[in-house]
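First comes the structure, then the notes that go with it.
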Amino acid sequence: MKLPVAENWFTAREVGPDVTLILEPHVHVLEQANMFLVQGRDRDMILDTGMGIVPLRPYLDTLRRDPGKEIICVSSHTHIDHIGGVQEFDVRLVHPAEAEEMAAPSGLNSLYRDDMPARLIQTFLDAGYPPLDEVLIDALPHAGYDPRSYVLRGAPATGLLQEGDSVDLGDHVYEILHLPGHSPGGIGLLERATGVLFGGDAIYDGPLIYDGPGMSVPDYLGTFAKLRALELTLIHGGHDPSFGPERLGEIMDHYEAIWRG
Ligand SMILES: [Zn+2]
Ligand SMILES: [Zn+2]
């Protein structure tokens, strides 16, 4: 299959005060995760780092007011579409339940559909995602790029984030919520002062994935109960556009009805 060369690999858009959403528009929507840059007074944070098809850091630094400032890389969880660039950062934080996976990724590690387990593909189709082409990208990041050369590298964590910990950027302080269900060590980041939540893949406004390795519906129900107890104003999910608390309730109602039969 002959793919065109992309003009820009990444795109970026402001989605809140000091918060920039970064996407890889040429990755199939299934693996096109949201990356969030938060620029704080004392330090910056990148939440999730995409597929790692090309280095993120040079692009990211063009978006930062002060590229020389310290930056903390937080992984909401360790699926292929969220940890592609972790090795580019000196400070790498993840939940302990997925630290081993981040150090040495054992899951999907290819851009080719035929390398994905058939059951995983079925899970995605059942969840409502469009069918996959042979390769998960619809353009090359640069001329001569060979999609077969793709590798998800991973990197060991330099610190761990558990329920109740916080990530302090100076003027933005995020409390860590453990939100398992989609993955055992999924975390959310809650700014209590504003009610803004980064939910990772525990919650987003698109087809949720809950039936696969490391996933648990009982855990997911507990995660939803935890989310229902929060005072939220805005939710930035791991995929798809951001949404408000009313939509959050609708999404949770929908899945709970499915899970409780
Ligand atoms: Zn994801
Ligand atoms: Zn995921």
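Sequence positions, counted from 1, serve as the residue numbers for this chain.
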Assess, by modelled atom type and distance only, whether the side chains of His28 and Asp138 contain a donor and an acceptor separated by less than 3.5 Å. no

Just wondering, are more than 12 heavy atoms of other shown residues or ligands nearer than 6.0 Å to CZ in Arg247? yes

Side chains of His236 and Ser242 only: does a donor on one sit below 3.5 Å from an acceptor on the other? yes

Check the side chains of Glu98 and Ser183 for a donor-acceptor pair under 3.5 angstrom, ignoring hydrogens and angles. yes

Can you check whether His95 and His77 have ring centres sitting under 6.0 Å from each other? no

Donor on one side chain, acceptor on other, Gln32 and His239, under 3.5 Å: no

SB check Arg43 Glu70 (cutoff 4.0 Å): yes

Test side-chain contact (heavy atoms from CB on, under 4.5 Å) on Leu177 and Leu197 and set out the steps. CA-CA 10 Å; Leu177 307 174; Leu197 173 74; 3.9 Å; yes

Does a donor on one side chain sit under 3.5 Å from an acceptor on the other, for Asp48 and Ser76? yes

Any salt bridge linking Arg64 with Asp44? Criterion: basic side-chain nitrogen under 4.0 Å from a carboxylate oxygen. yes

Got a second to check how far Ile176's CD1 is from Ile187's CD1, nearest 0.5 Å? 4.5 Å

Within-4.5 Å side-chain heavy-atom neighbours: Ile53 and Tyr145: yes

Mind running salt bridge (charged side-chain N to carboxylate O under 4.0 Å, His left out) on Asp18 and Arg41 for me, showing each step along the way? CA-CA 10 Å; Asp18 302 321; Arg41 187 189 63 214; over 6 Å; no

